[in-house]
Amino acid sequence: MEMTNRQVARVLEEIGQLLEVQGENRFKVRAYMAAADRIGHLTGPVGDLTEEELEAIPGIGRALAGKIHQIVQTGTCTERERLIDATPPGLIPLLDLPGVGPKTVRRLWTELGVEDTDSLIAAARNRRVRALKGFGAKKESDILRAAETAGKMTERMDVSGAKRRAAVLMAAIPGEAWVAGSLRRGRSTIGDIDIVTTAPPGETNRALRRIADSMIDEGERKTSVRIEGRRADIRYADTAELGTMLLYLTGSKAFNIRLRGIAAEQGMRLNEYGLLMRESGEVRTFPTEEGVFGALGMVPVPPELREDRGEVEYALEGRLPDLVDAGAIRGDLHVHSEWSDGTLSLPDIADEGEKKGYEYILITDHAAGIGVTHGLDAARLERQRHEIERVNRNAACTLLAGIEVDILADGHLSLPDTALKACDLVVASVHTAFGQDADTMTRRMIVAIENEHVDIIGHPTARLIGRRPPTAVDMDRIIDAAAATGTALEINASPARLDLDDIYIRQAKEQGVNLSIGTDAHRRSDLEAMRYGVALARRGWCGPSDILNTRPLSALLRADE
DNA sequence: GCCGTTTTCGGCCCGACTGTTTTCAGTCG
């Protein structure tokens, strides 16, 4: 059983964490973490690479290449085994406690014998933590509270929850404010909210105190609050310094480290306030991010690409990929109506499409099948098509007659081919038997991909963020099959799904697989999710030509022939 | 552990805030 990229990345990350607890050099820890990120975001199986090819990856040298090779072969490596023998693995979760870092974990372990969350809670309750030099009662109670609520805060938010919290904060801030962080980068899950504002700190802090659950830190330059149970960081900036501040707070962390390294190579020092010329001592400030990029000799990098996954090198050469944007989207390729479990009528959907300036919307009601109420059988699908034709006679936005058909447990579809043949486009999705093993699930989906009537595979991993994990499907094989058959993979734009993940979008794009963006809308407001799908496509380095729904109607339907 | 038209050794982004401190270490982003 070959290790997946993510499994290998996870082992590297674990080694990094064990090294952290062991008090190892933080740069060594970072090397493992960076390597884990690189391996986790390769577009292709790590097992296919030789040690020489591994060493060619930035941040991976001889030593790591050897260990990665060993991990691919055996699932572990001697370094990891050595560390596990020397370190209680229960210490690793303690690194995630807010306010607790590697130094603290190590001291709790070596000086108090703490080996896991339970023994930490016991030590704190017995007031043994405050006895440590440099620790006090406050620190002890903070640690205790963190340990007692461990696990509840670690899960990331979905995008809609993050947007809602950001809106509450922006409304309270008495001045202009901008969203930064992973929300601005278009990530599919969000850890915390980051906001930059030019509003005055004192007044803003007072306003935030009124709406926040609690204040985490409070300062003149930076304030952190808890809002609806989640952390939010607010940075104060002068208008003249907005460029560097937005750049800094947007991240990613890995991207910031790269940019600051590039500044250093050019005899400059980059921070959130400006660019210091080391020679002259002059500090240049920038009201916009574009100015900063220019001063570093780079073309501006769109937020969605800022992950240090190759975009920095491209930007230095002045040639970033042309990314798809919302304006290029001519229609929505996944919308439910009241004919199945949606709330909108067909004329409503056509109206909404017209308001958005769409050329077309693909109606994809559920087919009758397992678990879906009001699914369409062949007869109702036929009647719906006639209704669509009627609505289209006086609609500016053309409704396309489609279906979202179930991929049954054995790969067969929940409607006969004759019914599918009559559709403009067919979306096929997994809605049952999510727990199948990787091989069964993969073969099941490949049967559907190879069905000549299936045009798009809907929400390919079926995950629901925070509620249902992705299926065990082997996405490498799915992408290969989609490439071979010309079947498109969906980028499901619903904030609850955001499925495919950006790494697979990029991999699919590189293999020439078509991608479609669909909102999976069931009600009016769901149609607004298109922008999340576009952001995800951009994170996958997609240009307009990679996305089916940038095509004019005639070209879209021609692709189906 | 990685990396090099400054270096094969000695760096590795840079700054804000807190708690427990009399000047700073640790954590965080």
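The sequence lines fix the lettering, A, B, ..., with proteins before strands; numbering per chain opens at 1.
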Checklist entry - Can you list the residues that meet the side chain to side chain donor-acceptor pair (under 3.5 Å) rule with A/Ser188, with sequence neighbours excluded? => result A/Arg463

Checklist entry - Considering residues at least two apart in sequence or located in another chain, which fulfil the side chain to side chain donor-acceptor pair (under 3.5 Å) criterion with A/Glu317? => result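 In terms of side chain to side chain donor-acceptor pair (under 3.5 Å), with neighbours along the sequence ignored, A/Glu317 is linked to A/Arg319.
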
Answer yes or no: does atom [atom1] of [X] have more than 12 heavy-atom neighbours from other residues, nucleotides or ligands under 6.0 Å?
X: A/Arg130; atom1: CZ; result: yes
X: A/Arg278; atom1: CZ; result: yes
X: A/Arg468; atom1: CZ; result: yes

Heavy atom of [range] under 4.0 Å from DNA chain B: which residues?
range: residues 22-33 of chain A; value: A/Asn25, A/Phe27, A/Lys28, A/Arg30, A/Ala31, A/Tyr32
range: residues 170-202 of chain A; value: A/Asp192, A/Asp194
range: residues 205-221 of chain A; value: A/Asp217, A/Glu218, A/Gly219, A/Glu220, A/Arg221
range: residues 267-302 of chain A; value: A/Arg269, A/Leu270, A/Asn271, A/Glu272, A/Tyr273, A/Arg278
range: residues 103-123 of chain A; value: A/Lys103, A/Thr104

Next on the checklist: Among residues at least two apart in sequence or on other chains, which ones pass side chain to side chain contact (heavy atoms under 4.5 Å, CB included) with A/Ile257?
Outcome noted: A/Arg30, A/Lys253

Next on the checklist: Going by side chain to side chain contact (heavy atoms under 4.5 Å, CB included), name the residues that satisfy it together with A/Glu220, two or more places apart in sequence or in a different chain.
Outcome noted: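 Only A/Pro201 meet the side chain to side chain contact (heavy atoms under 4.5 Å, CB included) criterion with A/Glu220.
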
Checklist entry - Applying ring-ring contact (aromatic ring centres under 6.0 Å, His included), which residue pairs with at least one partner in residues 297-321 of chain A are found, sequence neighbours left out? => result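 Every ring-ring contact (aromatic ring centres under 6.0 Å, His included) pair that includes a residue of residues 297-321 of chain A, provided the two are not neighbours, is A/Tyr314-A/Trp541.
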
Next on the checklist: Please list all pairs meeting ring-ring contact (aromatic ring centres under 6.0 Å, His included) that have one or both residues in residues 252-304 of chain A, counting only residues at least two apart or in different chains.
Outcome noted: none

With rounding to whole Å, what would you report as the distance between [N] and [M] at their [atom1] atoms?
N: B/dT6; M: B/dC12; atom1: C1'; value: 15 Å
N: B/dG15; M: B/dT21; atom1: P; value: 28 Å
N: B/dG1; M: B/dT5; atom1: P; value: 23 Å
N: B/dA16; M: B/dG10; atom1: C1'; value: 28 Å
N: B/dT20; M: B/dC9; atom1: C1'; value: 37 Å
N: B/dC13; M: B/dG19; atom1: P; value: 28 Å

[Y] and [X] side chains, donor-acceptor separation under 3.5 Å:
X: A/Arg185; Y: A/Ser252; result: no
X: A/Arg187; Y: A/Ser182; result: no
X: A/Asp158; Y: A/Tyr532; result: no

Next on the checklist: Can you tell me the base-pairing partner of B/dA25? Count Watson-Crick or G-U wobble geometry only, both distances below 3.5 Å, and say none if there is no partner.
Outcome noted: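 Matched B/dA25 with B/dT18 under the 3.5 Å cut-off.
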
Item to check | Shortest non-hydrogen separation from A/Ala237 to A/Leu242 and the atoms involved | outcome: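 That would be CB-CD1, 4.2 Å.
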
Next on the checklist: Students should find this one: the first and last nucleotides of DNA chain B, 5' to 3', lying under 4.0 Å from a heavy atom of chain A. What are they?
Outcome noted: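 Range of nucleotides touched by chain A: B/dG1 to B/dG29.
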
Next on the checklist: Keeping A/Arg539 on the side-chain end and A/Ile505 on the backbone end, is there a donor-acceptor pair under 3.5 Å?
Outcome noted: no

